[in-house]
Structures are given as structure tokens and as C-alpha cells.
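One structure below.
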2 protein chains.
Amino acid sequence: MATLSDFGAFMERFILHPPQQLPLKGLTFAVKDIFDVEGYVTGFGNPDWARTHGAAVSTAPAVLAVLNAGATCVGKTVMDEMAYSINGENKHYGTPTNPCAPDRVPGGSSSGSAVAVSAELVDFSLGTDTGGSVRVPAAFCGIYGFRPSHGIVSTTGVTPMAQSFDTVGWFARDPIILNRIGHLLLQLPDMDPVHPNRIIIPDDCFQLLSIPSDRVTQVLFKSLEKLFGGEVVKHINLGDYVNDRVPSLKHFMDKSNEQKEYNIPSLVALSSSMRLLQRYEFKNNHGDWVLSIKPDLGPGISERIWEAIRTTDEKINICHTVRNELHAALTSLLEDFGILAIPTVPGPPPKLQTEATKLETFRVGAFSLLSIAGVSGFCQVTIPLGMYDNLPVAVSLLAKHGSDGFLLNLVESLYVPLKEQIKIAESMNY
Amino acid sequence: MATLSDFGAFMERFILHPPQQLPLKGLTFAVKDIFDVEGYVTGFGNPDWARTHGAAVSTAPAVLAVLNAGATCVGKTVMDEMAYSINGENKHYGTPTNPCAPDRVPGGSSSGSAVAVSAELVDFSLGTDTGGSVRVPAAFCGIYGFRPSHGIVSTTGVTPMAQSFDTVGWFARDPIILNRIGHLLLQLPDMDPVHPNRIIIPDDCFQLLSIPSDRVTQVLFKSLEKLFGGEVVKHINLGDYVNDRVPSLKHFMDKSNEQKEYNIPSLVALSSSMRLLQRYEFKNNHGDWVLSIKPDLGPGISERIWEAIRTTDEKINICHTVRNELHAALTSLLEDFGILAIPTVPGPPPKLQTEATKLETFRVGAFSLLSIAGVSGFCQVTIPLGMYDNLPVAVSLLAKHGSDGFLLNLVESLYVPLKEQIKIAESMNY
């Protein structure tokens with residue numbers, strides 16, 4: 001209660017000291033070479049970029065935040081050129097070796113950040129994810145990767161790729177550390193884990209898998225059942241749901257995508273709308289630089305970047321409508337405490353130096369899945385599920401925009417039951 | 001460059017250690033009794049609220065952020081009931097004493113937080129500002145107060161007033177500390193101060209002052225001139241500018257506001273639109289509680305809260321249009337590096353227990369000025385300018401949404417020339 005001696009300013013006096021120990025004390029980390037670090041050139045994966053840019057004059061707030069929380073940075077990691085790939089192959093700086101599968105790509109564009117964590121060179125690392133650049137390398141390297149809800153972690157001091165989709169993400173081997181980084185970067189309060197009230201399994205998405213889908217779904221179901229009971233699981237057809245609720249996708253339905261291979265037309269259309277807006281924003285960010293410098297770019301990346309440079313603003317408004325419609329549709333599907341489970345990617349990491357044409361089916365499926373969080377702005381985690389046929393397996397969980405803390409807590413709760421189920425599945429090579 | 005021993009993950013290895021010293025180490029602070037602090041009931045300024053709510057189970061992220069940065073919290077401060085006043089008088093817990101003018105109100109609703117800083121009981125404090133609750137008590141108590149751009153500092157764990165306008169703000173006696181808190185809470189990178197390319201002085205707004213407007217404008221002009229040269233200053237009529245650029249305000253133009261006293265019709269309309277949306281959101285937040293508990297509320301506050309409870313959704317859509325139009329209009333007025341200077345309030349703090357009817361002209365002027373940042377979401381700082389006639393004088397600067405770092409750096413640069421000009425003005429009682 002107020003007293004005269006303190007000018008009546010206080011309701012109550014008490015002392016809260018700063019914490020004795022910083023939350024990330026003793027942890028080491030690395031950052032993708034897309035984050036500004038004062039005194040170092042931000043290389044953006046390409047030597048011509050590095051050559052034509054000066055040293056950063058300040059450090060990106062996301063990097064400062066983990067430093068201030070007591071972690072030690074040990075260096076900058078290799079990335080795909082201009083963040084324009086999910087493969088992880090860099091012809092200039094070499095392709096980081098996938099510790100889980102050395103003859104396979106590590107995934108990108110945050111390739112080195114994923115490899116550094118997977119190889120136990122650091123405790124965690126920072127990457128960025130526009131179209132899948134954290135989620136994919138996490139899946140390929142057998143570690144956890146988190147893409148937060150769009151617009152929550154500051155991207156100041158991070159070289160932009162396409163602002164409508166750019167996010168700062170992070171990798172860890174351990175979901176407890178993954179969660180701790182999340183609480184810090186997302187400025188989340190401590191809270192008890194909340195039981196999800198629905199876990200939605202879109203069977204059509206799991207049919208995209210090139211490995212037996214049971215290897216993924218059974219491990220996940222049994223772990224979820226153990227924690228929350230079986231009645232929380234609900235099966236749907238996500239392609240139909242999106243098709244019904246996102247009418248503006250009709251502008252992106254492309255007959256030529258109806259190939260013989262299995263795919264989900266509405267999600268292929270979703271990924272087309274995403275890639276168009278991504279190309280358009282990339283061009284606005286970097287078109288002048290590309291046209292004036294004509295950088296030396298690797299195969300695949302070069303074609304994509306020059307295609308982006310030719311993008312016009314045709315249909316850009318519809319892309320924004322798609323975003324709003326998808327955001328609303330998925331918000332009413334999941335509400336506050338729902339979870340959507342999907343494969344992160346349609347299968348194991350491709351072999352190194354696979355020709356682009358042979359990856360087409362994989363890429364169509366991957367971007368169908370990756371654009372769900374990409375376009376809606378929802379948060380998504382990649383969860384490693386052990387090995388199948390000596391190659392890493394992963395699954396993803398999504399929660400609605402802003403439910404990052406709920407999702408991170410859930411992943412931490414799942415850790416022990418998942419470990420048990422993975423052990424059983426691996427022992428049966430199932 | 002990548003080497004095999006590190007899996008080719010690194011571009012460059014270096015060591016960045018966590019900072020030796022935490023940025024707020026050694027500083028003490030207090031928090032308004034609207035922030036959750038684990039284990040304490042958040043009282044929201046009213047005993048019936050405290051009685052009907054349990055202890056908070058976690059601490060608000062904004063409070064955790066300053067604790068984690070090394071500051072020590074010494075208690076919770078008195079506030080106006082349900083944050084529904086700018087006066088600072090609380091009939092239940094007593095009115096905190098204004099250290100600059102003990103027979104005057106301290107301003108509210110963050111009354112105790114402002115008084116604790118002004119009385120040198122703490123180094124800084126946290127408050128909230130929906131309609132003026134940081135800016136006004138800072139002006140009345142002769143200290144700095146900062147209202148950040150809307151939506152940037154997390155309001156999780158802060159009892160809501162009206163979400164379209166709610167912000168977490170802070171008070172300090174010293175602009176260097178004000179800036180340091182800002183860099184932390186806004187997660188800003190360090191950056192050099194940038195010279196403003198225009199300082200806009202709306203002469204019509206300064207005519208609202210009940211003290212000689214020269215006392216404010218001369219101190220400010222001379223300091224700005226010293227720093228940036230005179231040609232940066234530009235005079236406009238803000239009322240006309242807003243009237244032309246925010247056509248939806250016509251729905252809030254009220255003949256009855258055209259009193260004999262001088263006022264600016266478009267800004268009065270702006271404040272009407274703001275107050276309508278504020279009442280509507282307040283009702284959605286707290287209507288059920290007010291109707292079921294029928295809390296004991298002080299004079300003025302009781303009338304405003306019951307008026308809010310009767311609000312319907314009529315014209316609410318137009319309020320959102322006003323926000324968008326004003327945001328666009330002021331963004332093109334200021335662009336990235338422009339500053340708008342206005343009086344924070346029309347005059348010195350009113351005497352304690354002044355009847356509400358006698359404050360009407362003051363309130364109309366105050367809300368005309370306060371709703372400029374309130375509706376646009378722009379950031380605004382209150383700068384103390386010493387004493388005139390033994391009462392505190394203040395001025396405000398605004399910058400566009402997201403330019404908080406630019407504004408805070410500018411305030412720090414202004415400190416020394418302002419001190420000199422204030423000394424001259426005070427010595428002449430001018």
C-alpha cells in the first residue's frame with residue numbers, strides 16, 4: 001500500500017533480482033552467412049556478393065539476443081547462393097557434408113547451420129526459412145528445426161530473400177534447447193504445456209511419401225496416443241479442404257501439373273502462388289544487383305534467379321488474397337490448440353549432384369508441403385524420427401500463427417515417447 | 001573457407017563471447033500494476049479487480065526482458081483504475097505525489113511509475129500507454145516517457161485495455177537510459193544517430209498551449225538548429241493536412257465540438273474515432289466483469305467505464321478506415337527520417353481534485369494531440385523542458401511506425417543542447 005515516504009508511488013514493494021544464470025550460458029552456436037555480424041561481410045552464399053558488399057556495421061538483433069543470453073558464437077556457416085535452393089549444394093564454397101548420409105545433400109539453404117548442429121560442432125544454430133530453408137535441412141540432417149510464425153522474430157540485419165515469407169529459424173539436436181531458444185527469440189513467458197485438442201492428419205499429404213507412410217505415422221500416432229489418448233487424432237483430406245476454402249487458388253491451377261505422378265492439385269497451386277510472390281519480392285530486393293553484377297551462380301540457382309528477374313506484377317494481388325484466405329482457412333481448422341501433422345518433405349535426401357530434372361517430382365511434392373506454413377505464416381517444426389534404410393526420416397507439426405510456445409512445449413513433451421517408438425521402429429527396420 | 005574436418009559447415013570461424021556486462025546491470029526499476037509478475041496479483045488499479053483475480057502464474061515478457069538484462073525490480077506501482085484516466089488520481093490507493101508540483105495531479109494512468117522515476121526512487125519504470133498513459137504522466141512529472149510504435153513490444157502478460165492502441169512504454173530521467181531500454185525491448189541493433197531530413201512544426205497544434213507557445217518552441221528550435229541547422233524546420237497546419245488526407249473523419253465531425261474555445265476540428269474528430277474504438281474494445285475485454293462485479297469506481301472513471309459498456313459496433317468499421325488513412329497520411333508526411341513536434345498536452349498539470357467539467361477544454365485539446373500517435377501507431381516521446389511558473393513544461397516528438405531507434409537516438413543527441421536552452425529559458429522565466 002502507498003506510503004508518504006515513497007511519494008505514494010508503490011502498490012507493493014518487493015525485490016526481483018536479475019537471474020543468477022543466463023538462459024543460454026555455456027551453449028555454443030553458429031550463424032548462417034545471411035546474418036549481419038559487426039565487422040564481417042555478410043556473404044549471402046556467393047563470392048560476387050561478398051566482393052561487392054562491405055563489412056556489416058552492426059550485428060543482427062536475433063544474433064545479439066542469443067549472445068546477450070549467454071551463448072558463444074563460433075562462426076558463420078555456408079549457405080546456398082542467395083538462399084535460392086533447398087538442396088544445400090554450393091559450387092563456390094563446397095557442399096557441407098551431411099553427417100547422417102554423406103553421399104546425400106544436406107539440404108538448404110541453411111546447409112552449414114544444419115550440418116554444424118548435426119555433426120555436434122555446436123549446440124544450436126541460426127538459419128533463415130523463406131521457402132523451407134530450415135525445415136528441409138533439419139529433415140535431411142536428422143535434427144530439430146523450427147520456423148516461427150511469420151513476422152515475430154526480427155529480421156533486421158538479415159539479408160532479405162522475400163519479405164512476405166522470410167523468417168529467422170533455428171536448429172538443435174535437443175528439443176529442450178530448441179524450446180529455450182524459442183522462448184528467448186519469441187519473448188515468450190514460461191507456461192505449462194497445453195494438451196492439443198485435435199491432431200489433424202491429412203492422409204493425402206502422407207501419400208506423397210516415397211517411403212512407407214506407416215514408418216512416419218505409426219511412430220507419431222503411438223507417441224501422441226500415449227500422451228493424449230487416441231481420440232484427439234482426426235483424419236482429413238487437406239487438398240480438398242484447401243480447395244474448398246481458398247477459392248482464389250483457381251488462378252494458379254495449372255493443367256500441366258496434373259502429371260502422372262501423384263500430387264495434390266490445390267497444394268501444387270498453393271506452391272505456385274507462393275513461388276510467384278517470392279520471385280517478385282526477390283526481384284525487387286536484388287534485381288538491380290543481379291543485372292549490374294551478373295554474378296557467377298551455380299546450376300539450378302542461376303536459372304531460378306534469372307527467372308525471378310523476369311517476373312512482372314501480374315497476379316501479385318491474387319497471391320495476397322491466397323495468403324489471407326489460407327490463413328483464415330487454417331486458423332479455423334486448427335484454432336488455438338490444434339496441430340497439423342505433415343511430412344516435412346516427400347522422402348529421404350537426394351543423392352549429391354542429382355540432375356535437376358530427376359528431382360522434379362520430389363520438388364513438386366516438397367513445395368506443396370512447405371508452402372502450407374510458408375503462405376499461412378503458421379509456425380512449423382521439423383522432428384527427426386530416426387533412420388529408415390540408413391537414411392534420416394522426419395515429420396513436421398504446424399500450429400496456428402502465434403502459437404509458437406504451444407508448439408515448442410508440445411515438441412518437448414513428445415521427446416521421450418518418440419524416442420521409445422523410434423527405437424522400436426528402427427529395430428524392425430519398419 | 002570450408003574444410004573437411006568441420007564437415008564443410010563453416011564459412012568462417014571466429015569467437016564472439018557473450019557480453020561481459022549486462023546492458024542494464026545495476027539499474028533499478030518498478031512496474032505498473034498492470035504487468036503480470038509471477039506470484040503476485042495484477043491489481044489493474046482497482047481493489048475489486050484484485051479481489052476477483054488470482055496471482056499471476058508467469059511474468060510478462062517485457063518485465064522478464066529487463067530483468068534478464070540485469071536490472072532489479074523493486075515493486076509494483078499505483079495506477080488509475082482499469083487504466084481509464086490520464087489524471088493519476090486513485091481514490092482507493094491514494095494519488096501518488098507529483099514531485100515537480102505536489103498540489104497538481106501526477107498524470108495517469110501510469111501514475112506511480114512516473115512518480116517513482118521523477119522522485120528518483122528508481123532509475124526507470126515500465127508503464128503502458130493506450131490513450132496517453134505514459135506520455136501524459138511523463139509531461140506532468142517532468143521526465144522522459146516513450147510510447148513505442150504499436151505492436152512491436154510484446155503485450156503478453158499485460159492486462160489489456162484496448163488492443164488497437166495498447167502499448168508497453170517506459171519512463172526515465174535520462175535519455176541515455178530511455179534509449180538503452182528501447183534498444184532492449186525493441187530488439188534494435190546499435191546504430192549511429194541519423195540526422196532528420198525534416199522537422200515538422202504544426203503551428204495550429206502549438207496554439208493549443210495555455211502557456212506562451214514560445215516557451216516550448218524556442219527551446220526546441222534553438223536546440224534543433226544547433227544540431228541540424230535551421231533549414232530542416234518546416235511549418236504546417238496539421239489540422240488542414242489531416243482533414244484533407246483522412247476523408248473518413250467526416251463521420252466523426254461533430255458540430256457540438258465547435259465550441260468557443262480554440263480547437264482543431266479534424267483532430268477532435270480523430271480523438272472521437274479513437275475513443276469510440278477504445279470504448280468498444282474495452283467493453284469486449286471487460287464488459288462481462290464490470291456487469292457481474294459492479295466494481296466500486298472513482299469519479300470520472302465510473303462514468304467513462306459505464307459509457308464504454310453501452311457501446312455498440314456502430315461506426316467501428318469506419319474507425320479502422322480512419323486508422324489506415326491516418327497511418328498512410330502521416331507516413332507520407334514524415335517518411336523514414338522526418339520528425340513531427342507537438343505539445344504533449346495543452347498545458348501544465350491541473351490542480352488535484354479539479355472538477356471534471358473544469359477540465360473539459362484541457363481534455364479536448366489533450367486527446368486531439370494524443371490521438372495522433374494513438375491512431376497512427378507512430379512512436380512518440382515526451383521530452384521535459386524544465387519549469388515555467390514553477391510548473392513542468394514538455395514537448396513531444398513523433399516518428400513514423402517502426403522508426404523507434406531513429407527517434408530514441410535523436411532524443412539522446414538533443415540532450416545537451418536542450419539542457420543549455422532550458423537553462424536560458426528558465427533564467428528568464430520565459
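This structure is a prediction, so every number in the text was calculated from the model and none was measured. Convention: sequence-line order gives letters A, B, ...; per-chain numbering from 1.
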- [ ] Tell me, out of B:Ala62, B:Ala69, B:Gly112, B:Cys73, who's got the most heavy-atom pairs with chain A below 4.5 Å.
- [x] B:Cys73
TODO: Supply the atom-to-atom distance B:Gln187 CD to A:Ser154 OG, rounded to the nearest 0.5 angstrom.
DONE: 6.5 Å
Task: 4.5 Å side-chain heavy-atom contact, B:Ile15 and A:Thr72 - done: yes
Task: Flag side-chain contact, heavy atom, 4.5 Å: A:Asn98 against B:Phe7 - done: no
Task: Separation between CE of B:Met11 and CE of A:Met79, rounded to the nearest 0.5 Å - done: 9.5 Å
- [ ] Flag yes if more than 12 heavy atoms outside B:Lys25 fall under 6.0 Å of its NZ atom; otherwise flag no.
- [x] no
Task: Side chain / backbone / both / neither for B:Leu121 at chain A, heavy atoms under 4.5 Å - done: side chain
Open item on the list: On a heavy-atom basis, which atom in B:Phe10 and which in A:Ala30 lie closest, and how many Å separate them?
Closed with: CE2-CB, 3.7 Å
Open item on the list: Looking at chain A, which one of B:Asp33, B:Leu184, B:Leu188 has the largest number of heavy-atom pairs inside 4.5 Å, strictly under?
Closed with: B:Asp33
Open item on the list: At a 4.5 Å cut-off on heavy atoms, which part of B:Pro106 comes close to chain A: side chain, backbone, both, or neither?
Closed with: neither
Open item on the list: Is any side-chain heavy atom of A:Tyr40 closer than 4.5 Å to one of B:Glu12?
Closed with: yes
TODO: Could you look at B:Ala71 and say if it's the side chain, the backbone, both or neither that has a heavy atom under 4.5 Å from chain A?
DONE: backbone
TODO: Please state whether the side chain, the backbone, both or neither of B:Ser111 comes within less than 4.5 Å of a heavy atom of chain A.
DONE: neither
Task: Contact origin within A:Val37 toward chain B - heavy atom pairs under 4.5 Å - done: side chain
Open item on the list: For the interface with chain B, which of A:Lys32, A:His183, A:Lys76, A:Arg13 has the highest count of heavy-atom pairs at distances below 4.5 Å?
Closed with: A:Lys76
Task: Closest heavy-atom pair and its distance - B:Pro96, A:Ala9 - done: CB-CA, 4.1 Å
Open item on the list: Counting only non-hydrogen atoms closer than 4.5 Å, does B:Leu185 touch chain A with its backbone (N, CA, C, O), its side chain (CB onward), both, or neither?
Closed with: backbone
Task: For A:Pro189 against B:Thr59, the heavy-atom pair lying closest together - done: CB-O, 3.8 Å
Open item on the list: Using side-chain heavy atoms (C-beta onward) and a distance below 4.5 Å, is B:Pro18 in contact with A:Asn68?
Closed with: no
Open item on the list: Given heavy-atom pairs under 4.5 angstrom as the criterion, report whether the side chain, backbone, both or neither of B:Leu22 touches chain A.
Closed with: side chain
